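Numbering starts at 1 and runs along the sequence shown. Keep in mind that this is a model prediction, so the values were computed, not measured.
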Amino acid sequence: GQTNLTSPQDIQVYVVNTNFTLRWNYTGNDTNVTFSAEYRWFEDSETNETEWKVLPGCQNVTRTECDFSSAITEYYDTHHVRIRAERREEVSPWSSIFEMIPYFIARIGPPGIELQSTNGVIKIKVSPPEANQVKKMWIAHLSFKYNLVIWENSSNAEFRSQTIFPIDVIDDLAPDTTYCLKVQATLPLDFQEGLFSPIRCVKTTHKVNDLLCATNVSILALNMKFYLHWNNRYKQHVSYNVQYLLGYLKKLHDDDLVKWLSVPGCENITDTQCNFSSVVTAPSGTFYFRVQAMSEYNTSCFSNEVKVDPLKTNEIGPPGLKVDISDVLLHIQIFPPGGSECEVMRDHYDLSYRILYWKNSSNDEEEIKVKEIKQTIGTVSDLTPSTLYCVKVQAFSEAFNKSSRYSKEKCIRTPGDKTLPLIILATFVTALFVVLLVATLLTFALYQAYNKIKYMFFPSCQPPLNIEGFGGQHFDNLYLSTTEEPIENCSIIEAIITEEVNQLDFKDYKHSKQSSRDSGNYSNDDDTSGSKMSEEMLEKEIV
């Protein structure tokens with residue numbers, strides 16, 4: 001078989017949800033030509049050969065497109081598609097093969113929408129793209145996010161885009177005005193954007209100004225303590241019931257499943273504030289709050305809803321601060337915001353601290369220095385002695401782009417310079433040592449002089465007893481010179497016994513004279529010569 005038919009070109013498959021359309025181009029001039037397609041699919045990548053099958057919905061078609069949605073049931077497997085031209089018994093060569101994995105080329109279809117205009121707002125209910133289909137390409141319909149585009153139906157309309165929930169309220173609208181809108185479903189995690197719904201238009205009504213409703217509902221959150229505040233315009237008795245809704249319930253498409261709960265401790269209250277910290281049990285997730293006002297006539301009105309994302313809504317309070325000083329360092333101890341019991345502040349915000357310190361002096365040009373730390377203990381060096389330093393600290397989180405107010409400043413004075421006291425102490429010790437040394441030497445000198453004077457004028461030695469009693473003579477003054485001593489006249493006794501006695505006496509006298517010289521009482525030469533002359537005269541007299 002030779003043939004004059006050409007093969008189809010530019011094979012494409014378009015997938016919207018589970019709807020599959022095959023399109024191609026045919027450039028031949030042949031008439032009465034039809035087209036038929038085949039397909040095959042692979043359960044896994046290891047399967048190499050699979051038989052081609054007739055593609056249902058794409059046999060003997062006369063147009064350049066066909067719908068084969070009924071043929072595809074596996075959306076995550078690889079599929080091949082090919083097509084050829086036919087005329088009676090004549091056929092063209094097969095076209096090039098188009099390969100696809102349906103899930104990756106599929107587009108999200110338009111969602112369904114329902115609108116209701118009431119009390120100056122538009123209530124909208126969105127249905128997922130495959131709400132009424134048995135076969136679904138998108139299984140996790142809770143993962144859908146919906147983008148709304150709304151504008152006034154006028155020639156100079158301004159388009160406004162916002163994200164909405166499946167069941168939501170569109171407010172901030174002008175009364176008695178026609179608005180048109182369309183909605184698109186997206187899967188952000190898969191980076192897929194769907195087709196917009198058909199455009200729908202609706203006219204708004206006048207809003208009833210009900211004084212019973214709570215207004216200006218706002219959130220005040222500090223260090224994971226959450227408070228709801230609102231204003232009361234009703235002049236008569238009114239009570240309030242604060243309700244909350246877990247954020248994930250907002251994603252449900254069934255209004256009957258969206259159950260609002262009452263905040264414990266904020267039921268039938270007359271105050272215009274409520275502490276709902278007990279409801280926020282986890283830092284992750286979102287919460288929605290509203291205030292129901294109830295009059296004594298059993299009428300009620302709901303306020304606008306406010307959203308709470310704990311870690312984003314919460315504000316960081318100022319940290320605590322304690323300062324101390326050492327010789328050369330300023331020690332700073334920081335207490336995390338919320339206290340030690342607030343683990344959420346410490347664990348989820350990844351807090352850092354910005355320390356400001358400066359010299360507290362009359363000079364306005366003193367530079368304020370900044371130091372950033374991650375720990376709760378820091379030090380500052382290069383301090384000036386005897387100077388008053390002031391410190392304040394700010395906590396901040398880079399991850400959440402949040403920062404606290406600065407703590408109250410605390411001031412402390414550095415100790416004085418110790419160089420001068422050391423010099424004074426060293427000088428005092430040196431002077432004291434010199435004084436003690438001089439006093440010791442002076443005392444020793446005085447003691448020696450005292451001993452010399454006492455020895456010279458008040459001697460402690462006495463003459464020997466044999467000198468004091470010699471020949472019955474008394475020596476009253478030992479310091480008389482020999483010339484002044486009386487000389488005793490002696491007579492000659494011619495007796496042998498007397499001579500012997502005199503000799504003995506002379507020897508005793510001679511011995512006494514020698515002892516007297518040894519004692520120092522007669523130490524000069526004149527005394528010695530006088531003693532010798534007396535001795536010679538005595539010897540002559542004895543002879």
Side-chain angles (χ1 to χ4, degrees), residues 14-19 21 67 69 105-133 136-138 140-210 213 215-217 245 247-258 260 286 288 290 301-307:
Y14 296 91
V15 183
V16 177
N17 295 338
T18 55
N19 300 315
T21 302
D67 188 328
S69 302
I105 66 172
R107 296 195 65 185
I108 302 171
I113 57 174
E114 298 179 14
L115 302 177
Q116 180 186 1
S117 178
T118 177
N119 197 21
V121 299
I122 298 176
K123 292 183 178 181
I124 184 171
K125 183 177 181 179
V126 182
S127 301
E130 299 174 310
N132 301 319
Q133 296 183 17
K136 296 181 184 296
M137 179 73 71
W138 323 108
H141 65 276
L142 293 180
S143 299
F144 281 123
K145 290 187 178 297
Y146 298 100
N147 295 329
L148 169 73
V149 179
I150 187 171
W151 63 95
E152 291 185 16
N153 190 12
S154 61
S155 58
N156 55 350
E158 293 183 0
F159 292 86
R160 185 179 75 181
S161 299
Q162 65 184 77
T163 301
I164 61 173
F165 290 106
I167 301 174
D168 214 331
V169 175
I170 306 171
D171 51 11
D172 295 333
L173 303 176
D176 294 327
T177 304
T178 300
Y179 285 90
C180 296
L181 54 85
K182 58 183 180 180
V183 179
Q184 174 194 44
T186 64
L187 288 174
L189 296 179
D190 293 336
F191 303 100
Q192 295 197 37
E193 294 184 352
L195 302 176
F196 277 97
S197 65
I199 296 175
R200 297 279 304 275
C201 296
V202 64
K203 187 176 181 179
T204 59
T205 62
H206 282 279
K207 184 176 183 179
V208 178
N209 188 15
D210 192 349
C213 296
T215 58
N216 297 330
V217 181
L245 180 70
Y248 75 92
L249 295 176
K250 279 279 191 178
K251 298 179 180 180
L252 301 180
H253 296 79
D254 192 348
D255 200 8
D256 295 333
L257 298 177
V258 179
W260 288 81
T286 56
Y288 291 87
R290 69 183 183 183
C301 178
F302 287 99
S303 69
N304 294 332
E305 300 172 8
V306 291
K307 177 182 176 181

Does the side chain of [Y] come within less than 4.5 Å of [X]'s, by heavy atoms?
X	Y	value
Pro129	Phe144	yes
Lys250	Thr286	no
Asp168	Leu148	no
Thr18	Lys136	no
Trp138	Pro128	no

At what distance, to the nearest 0.5 angstrom, does [atom1] of [X] lie from [atom2] of [Y]?
X	Y	atom1	atom2	result
Asn17	Arg107	CG	CZ	11.0 Å
Tyr146	Ile113	OH	CD1	12.0 Å
Lys251	Leu142	NZ	CG	7.5 Å
Ile124	Ile170	CD1	CD1	4.5 Å
Glu193	Ile108	CD	CD1	8.5 Å
Gln162	Asn147	CD	CG	10.0 Å

Can you check whether Asp67's main-chain N or O pairs, donor with acceptor, with Thr21's side chain at less than 3.5 Å?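 Looks like no, no N/O pair under 3.5 Å.
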Tell me if a side-chain donor or acceptor on Thr177 pairs with a main-chain N or O of Pro175 at a distance below 3.5 Å.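 The answer is yes, because a donor-acceptor pair under 3.5 Å joins these two groups.
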Would you name the heavy atoms of [X] and [Y] that are closest together and state the gap between them?
X	Y	answer
Trp151	Leu181	CZ3-CA, 4.0 Å
Pro166	Leu252	CB-O, 3.6 Å
Ser197	Pro110	CA-CB, 3.6 Å
Glu152	Ala157	O-CB, 3.0 Å
Ser127	Pro111	O-CB, 3.1 Å

Classify the ring geometry between Tyr288 and Phe165 as parallel (under 30°), tilted (30 to 60°) or perpendicular (over 60°).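 Rings of Tyr288 and Phe165: perpendicular, as their planes differ by over 60°.
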Using side-chain contact (heavy atoms from CB on, under 4.5 Å), reason through Glu305 and Trp260 one step at a time and then give a plain yes or no. CA-CA 12 Å; Glu305 300 172 8; Trp260 288 81; 3.4 Å; yes
Apply side-chain contact (heavy atoms from CB on, under 4.5 Å) to residues Ile122 and Thr204 and explain how you reach the verdict. CA-CA 7 Å; Ile122 298 176; Thr204 59; 4.2 Å; yes
Counting only heavy atoms not in Lys123, do more than 12 sit closer than 6.0 Å to its NZ atom?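 For Lys123, atom NZ is not crowded (no more than 12 foreign heavy atoms under 6.0 Å).
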Give a yes or no on this: more than 12 heavy atoms of other residues, nucleotides or ligands lie within 6.0 Å of atom CG of Asn132.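 No - once you tally the heavy atoms of other residues, nucleotides and ligands closer than 6.0 Å, there are 12 at most.
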Determine, stepwise, if the pair Arg160 / Asp172 fulfils side-chain contact (heavy atoms from CB on, under 4.5 Å). CA-CA 11 Å; Arg160 185 179 75 181; Asp172 295 333; 4.1 Å; yes
Check the pair Asp210, Asn119 against side-chain contact (heavy atoms from CB on, under 4.5 Å), reporting the backbone distance first and the verdict last. CA-CA 11 Å; Asp210 192 349; Asn119 197 21; over 6 Å; no
